[in-house]
Amino acid sequence: MSDLAKAYEPQAVEEKWYAQWEASGCFKGVLPTEPGVEPHAITIPPPNVTGVLHMGHILNNTIQDILTRRARQQGKAAVWVPGTDHAGIATQTRVEKKLRAEGKSKWDLGREGFVEEAKKWRDEHGGIILKQLRKLGASCDWDRTVHTLDEGYSRAVLTAFVELYHKGNIYRGKRMVNWCPKSLTALSDEEVIMKPQKGFLYKMKYAIAERPGEFVEISTTRPETLMGDTAVAFNPKDERYTHLHGLHAVRPFPQANIPFVLDEHVDMEFGTGMLKVTPAHDRADLEIGQRHNLEVIDVLTPDGKINCPETPELHGKDRFEARKLAATMLEEMGLLVEREKYENNVGFSERADVPIEPRLSDQWWMKYPKIEEAKQVVRDGKIKFYPERWTKTYLHWLDNIQDWCISRQLWWGHRIPVWYAKGVDRENLTDEDLRDESKVWVSVFPPNDPENWEQEEDVLDTWASSWLWPYAVFNPDYEGKLRFRKVGEIVSEKYLQDVRLKVFAGMVENLRPDSRNPDYVRDISLAKGDGAGPKIEYRFIELEKLADSEQNEKVRELKFWYPTQALATGPDIIFFWVARMIMAGLEFMGEVPFKNVIFNGIIRDAQGRKMSKSLGNSPDPLDLIEKFGADGLRLGMLMIAPKGADILFSEDRIQSGRNFCNKLWNACRFRLMNEPEGSEQIKGKKLKLKSILERLEFDKFDADDHAILAKLLDALADYDASFETFEFNRTTDTLYNFFWNDFCDWYVEVSKSKAQSDSLRGNCLAIQDLCLRSVIQMLHPITPFITEELWSTLDFGEGFIHETKIPTAADLRAQLSAVGVTLDQAAIIEVEKLQDFVNQARALKVQYTLSAKNDVTFFLIADEADRIIVDSHKEKLRKLAGAGAIEPRDDVQNMPAVVSKLGTLYLDLAGSVDAEAERAKIDKQLIQLDKAIKGAEAKLGNDKFVNNAPAEVIDGVKATLADNKAKAEELRKLKAGLGA
RNA sequence: GGACGGUUAGCUCAGUUGGUUAGAGCGCCUCGCUUACACCGAGGAUGUCGCAGGUUCGAGUCCUGCACCGUCUACCA
C-alpha cells in the first residue's frame, strides 16, 4: 500500500533533494572522458551583486535550469555557470550610504580604503541572489561561481582593454557625455532613460545690440543655462531674420553681446525659429558651437549647481531652483514674454533616477569592434533569436551604433589600466604622445617604476566588463608560472588568438616582466602597425611553457564549453548584453558567444503595470516558493508565460502549477495503491524501462491501451519539438493535456475496472507505469524536485533521474516494437467514440438531476458495429457512465434520449419524461445540425469547391455531412417518438 | 517622427503552410466527499475573431487602409 502523503508537501522534499544533489556534485560541469559527448554550457546573465531575487529572475533562471537539466537527461556534458557583476554605481552608492550613516565619506577612507570597505560590504551582503536561486532549484555549478572583480576575470577585462586600445578601438576624448549629477559619473547612452516631463516652454526676448529697441523672441526649456549662451542661431533659409546676420544679441545676465549665427540645425517651424546656443550644456548646441567657433562656458558644477559668480542671484543654486529663479529674473527685467505649459522628453539616469546633464568632459570611448560581423552572424542564423522578431531591434541598434563611453568616475570597478608619466600634461595629449610608452603606459600590469607614474583615476563601465562574460567565466583564477625568452617577432592575429587563449586559461601570465615579481611575465604587448595596411601586427615575446597538466586542462575547458548553447534574458537587455557579448565573442574568441538567445517576457502585475518597489506590486519569490513549492512556482510561471510577450502575474494564475504537482503526486500514489498485495514489482526495482516493457502483454491490448500509448508517443514528439524552438508554453501544454486529460481523466478511470480483473491488471499497470515514468522524465527539467522524489519512490531507475537518458518518441516506439508492441493509431478514434458515449450518457443523467453514483439503466439502439464496440467495452462504460446496465433494444418509446457516436441512448426513467423539454432540447440541436448540413451541402454543390479543394478536405466534408445527416435523422425520430 | 508587436469567450492566451460546426486554462452557474487527488470529479453557459474594403470556391489565417493599446527608438530648443 501507499505510504505517500495524501497531498504533495514540497518543503521537505525540496530541501532533501537539493542537499543530495549538491553533496553528490551532480551539477558540476565536467569534461567528458569519452569522445562524442556534446557540450551544453549556459552562463548566467550575471545579476547585480547588490540584487535580490525578483519575479523576472524566477522565469529567466527557470528557463536556464530547464535547458541545463534537459541536457543532462540527454546525456550531454552540461554546465551552468553562475556569478554576479560588481554593479559599479549601485554598489558604490550602497557603500557610500553606509559610510554616511557612520558619519564618514569616501574621502575619509581614500581610494584604497574605500575599495576595501566595498569588498567587505560585497562579501557580507552581496550575492544574496545566488543563495536564493538554490531555493528555486537552480542546478548551477556553484564551484564555478564568478564575480566580475575576481582576479581571473579582471585579467580578462584588462587584457581586452589593452588590446582594443592598441588596435585603436579605445581612445580618450573630450566630448559631450550623459552626466549623472547624483552619482557624479558619466553614463553610456544605454543607461539613460527618456521620460516625458511636464514643464514650461519659456518664451523670452533678447535685445539686438546694434538696433536699440528691437528684440528677438527665443523659446527655451532651460533658462538657467542662459549664462552659458554664446550665440543665438537661426536657419540660413529663414528670411525673417536674414537682416540680423552679422549682428549681436544681448544676453541678459551676465550681460554680454553674443553673435547671431546661421545654422541648418535650427528648425524654422519650432517656436520663433530662434535658438539660444549653449555649447557647454547641449549636444546639438555644442555641434553648432564647433561649426561657428563659439566659446564654451560651463555654468554648472558636477553635482548640478549653478557655477556663475557673475550672477550671484543664481550662483550655487540647484539647477531646478535656478530655472525658476532665472525666469523670475527675466520677468523682472521685462524680458519674459510667457510661460507656456510644455511636455518634453528628458533623459534620466537609469540608476539614480535624476535628469542627466549633458556635460563636456574627458572620457574613454570605445569604437565597437566587429560590428558588421555581429550583424552577419545574426542575419545568417548562426545565432538565433527566439522570438525571432527581436533581430530587427538588434540590427537597428547596430546600424545606428554610437561609440561607447566606457569610463566611469567611480572607485568601485576595474581601474583603467593606463598610466601617465608624472609631469605629462594629460589634458593635451597628442596621438603621438599616446603611442609613446615613455609618456603613456597602457598595460594589464603597472609599469616597472610605478613611482614615476600616475594611474588613470576612472574605472570601466560595469557592462564593459560583463560583456566578456560568456568566455571570461571560463578563465580560471590561476597564477601561472611561465617565463619568457625572446623578444621581437611579428605574429599573425590567429597566432595571437592562441596566445590569448592561453593567457585566459592562466597558462600565460604575461609577456612583460612584472615589476613585483621579476620571475613572472605579465602582459601581452601589442603595437599598432605603422599604418601601412589594415592588418595589425603584434610585437611578441615567445613563451617557454611549463608542462603543467592543470593548465592544459583549463585550455581544454574553454575550448570545450565555448561557444555556449544559449543566453536567456529579457529583450530590454539586447543592447547592454546581447549585442555587446556577440561583438566581444567575435573579437576575442573569433567565435560567437552563444548559439541561441531566448528572450523571456517582462513580468507585470495583473493590471499590466511593471513590477516595482514603489508600487509594492512585486511579490517576494521566496514567499511564493513557500506557498506553492518551487516546482509549482516554476511550472505555474511557464504556464502563464505567452511566448515572447509580457506576463501578467497574479497568484491565482500560478496556482495551477501547484495543482498539477499535486495531481501528479496523487496519480503516483494511486498507482502504488493498486499494486497487488505482496508484489515485489516496485520494491524489487522492477520499474525500469526494460522491465516495464517486458510486462506488457500485447495480446491483451484493447483500444484504450493502444490509444494511450499512441498519445504518449505523440506527446513525446511534441515535447521534443517544443524544445527545438524554446516554446515552453507548448511544452507545458503538451504535458498538461496528456497527463491530465488523456491519462488521468480517461486511462486511469478505465483502469479502475481493468484492475479488478486478474488477467488484465498486469498489462494495465505496466502501461500506467510506462506513462507515469515518461511523464516524470519529461516533467523533470521543469519540476525537478517532485519528479526526483517520485522517480525514487516508484523506483524507476538507478541514481538521480537525470542519469537515465530520456528516450525520444522514435526511441520509445522502437523499444515498444522490439517487445512486439505496435500501436494502432485508429484506436484513438474508437476511444473518442467511447468518450462521446460516456459524455452523452452522463449529460443525460445530469439533466434529470441524477447523481453520478445513481446506477441507472440505459437502453441502446445501435447498429451492429457499434453494438459490438459497446459490448467489448461494457464494464468500463458502465462504470464511467454510472450505469447499472446498458441494454440493447430495437425500439424504445417515450424516454429521454441522446444520440451518441455509438448509437442512441435512452434513459430508463419509467415514464417521467417532460416531453416538452425534450423536444426543445432536440430542436436546439437540430438547428445547429441543419446549419452545418446546409453549409456542407452548399459547398459540395459548388463546382468550384469540388474542383479546387484537395481531396481530403472534400472527403472530410462528405463524411461529416453524412454523420450529421444520420444524427439529425435520429433526432427527428426521437422527437416524433415523444409524441405531438 | 520612425520601427516593431498586439487586438479571438468575463479574464489570460492557443490557433501550424487559407479548408469540415474557432479552442484551452482560469473565472462563472448546477451537482457531487463514487476504490488517487476538493490543490478534486461530473455537467453547463459564453464569441459580429478591433473596424472597413479586397483576393479566393472558401479568410481568425493572405493583401490594402484605418482605429485603439503596448514596446523600443529619435538632438525639435
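Computed from a prediction, not measured in an experiment: that's the story for all the values here. Below, all heavy atoms of this structure are taken into account, side chains as well, without hydrogens, waters or symmetry copies.
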Point to revise | Atom P, compared across rU61(B) and rG18(B): separation rounded to whole Å | key: 11 Å

**Study point:** Intermediate values then yes/no, side chain to side chain contact (heavy atoms under 4.5 Å, CB included), Lys876(A) and Glu749(A)
**Key:** CA-CA 8 Å; Lys876(A) 292 185 289 195; Glu749(A) 292 306 320; over 6 Å; no

Practice item. Indicate, with a heavy-atom threshold strictly under 4.0 Å, whether Pro950(A) touches base, sugar-phosphate, or nothing. Key: base

Exercise for review: Quick one: sort the Phe723(A) and Tyr719(A) rings into parallel, tilted or perpendicular, breaks at 30° and 60°.
Suggested key: perpendicular

Review point. What does Lys958(A) touch in the nucleic acid at a heavy-atom separation under 4.0 angstrom: a base, only the sugar-phosphate, or nothing?
Key: nothing

Point to revise | side-chain N/O Lys663(A) vs rA36(B) OP1/OP2, d < 4.0 Å | key: no

Check your understanding: Considering only the P atoms, how many Å lie between rC75(B) and rA14(B), rounded to the nearest integer?
Key -> 34 Å

Review point. Base, sugar-phosphate, or nothing: which does Asn964(A) touch, judged by heavy atoms less than 4.0 Å apart?
Key: base

Exercise for review: Give, ordered by number, those residues of residues 749-757 of chain A having at least one heavy-atom distance below 4.0 Å to an atom of RNA chain B; if nothing qualifies, reply none.
Suggested key: Glu749(A), Lys752(A), Gln756(A)

Review point. Given the rule that a pair is Watson-Crick or G-U wobble with both distances under 3.5 Å, how would you write RNA chain B in dot-bracket, using | for pairs to a different strand?
Key: (((((((..((((.....[...)))).(((((.......))))).....(((((..]....))))))))))))....

Check your understanding: Once you round to the nearest 0.5 Å, how far does CG of Leu648(A) lie from CD1 of Ile640(A)?
Key -> 8.0 Å

Exercise for review: State whether the side chain of Asp267(A) and the backbone N or O of Glu269(A) hold a donor-acceptor pair below 3.5 Å, judged by distance alone.
Suggested key: yes

Exercise for review: Could you check whether Cys744(A) gets within reach of a base, just the sugar-phosphate, or nothing at all, counting any heavy atom under 4.0 Å?
Suggested key: base

Review point. Separation of Gln11(A) atom CD from rC39(B) atom C1', in whole Å?
Key: 14 Å

Can you check nucleotides 44-48 of chain B for protein contacts, nitrogen or oxygen pairs under 3.5 Å, and list what you find?
none

Review point. Salt bridge between Glu357(A) and Arg359(A), side-chain N to carboxylate O under 4.0 Å?
Key: no

Exercise for review: To the nearest 0.5 angstrom, please state how far the CZ atom of Phe628(A) sits from the CG atom of Asn662(A).
Suggested key: 13.0 Å

**Study point:** Gap between atoms CZ and C1', on Arg730(A) and rG23(B) respectively (whole Å)
**Key:** 16 Å

Check your understanding: Which nucleotide in the list rU12(B), rG25(B), rC4(B) gets nearest to the side chain of Arg389(A)?
Key -> rC4(B)

Practice item. Considering only NZ, NE, NH1 and NH2 on the basic side and carboxylate oxygens on the acidic side, decide whether Arg283(A) and Glu287(A) come within less than 4.0 Å. Key: no

Check your understanding: Quick one: Gln768(A) CD to rA36(B) P, roughly how many Å, whole number?
Key -> 13 Å

Review point. Pick the nucleotide of RNA chain B nearest each of Asn737(A) and Trp740(A); which residue has the one closer to the 5' end?
Key: Asn737(A)

Review point. Does Gly882(A) offer a backbone N or O that forms a donor-acceptor pair with the side chain of Arg842(A) under 3.5 Å?
Key: no

Exercise for review: Can you check each nucleotide of nucleotides 72-77 of chain B against protein heavy atoms at under 4.0 Å and return B for base, S for sugar-phosphate only, - for none, in 5' to 3' order?
Suggested key: SSBBBB

Point to revise | 5' precedence on RNA chain B between Gly956(A) and Asn729(A) (nearest-nucleotide basis) | key: Asn729(A)

Check your understanding: How does protein contact run along nucleotides 56-63 of chain B, one letter per nucleotide 5' to 3', with B for base contact, S for sugar-phosphate only, - for none, heavy atoms under 4.0 Å?
Key -> -B------

Exercise for review: Write down the distance separating the C1' atoms in rC68(B) and rA77(B), rounded off to the nearest Å.
Suggested key: 32 Å

Exercise for review: Could you label the plane-to-plane angle of the Phe385(A) and Phe599(A) rings as parallel, tilted or perpendicular, counting under 30° as parallel and over 60° as perpendicular?
Suggested key: perpendicular

Practice item. Measure the distance from CD on Gln655(A) to C1' on rA38(B) and round it to the nearest whole Å. Key: 13 Å

Exercise for review: Under the salt bridge (Lys or Arg N to Asp or Glu O under 4.0 Å) rule, collect the residues that match up with Lys195(A), sequence neighbours excluded.
Suggested key: Asp353(A)

Check your understanding: So Trp740(A) and Phe660(A), would you call those rings parallel, tilted or perpendicular, with 30° and 60° as cut-offs?
Key -> tilted

Exercise for review: Report yes if a donor N or O on one partner sits less than 3.5 Å from an acceptor N or O on the other, where the partners are the side chain of Lys392(A) and the base of rC4(B); otherwise report no.
Suggested key: no

**Study point:** Whole angstrom value for the distance that separates P of rC37(B) from CG of Leu790(A)
**Key:** 16 Å

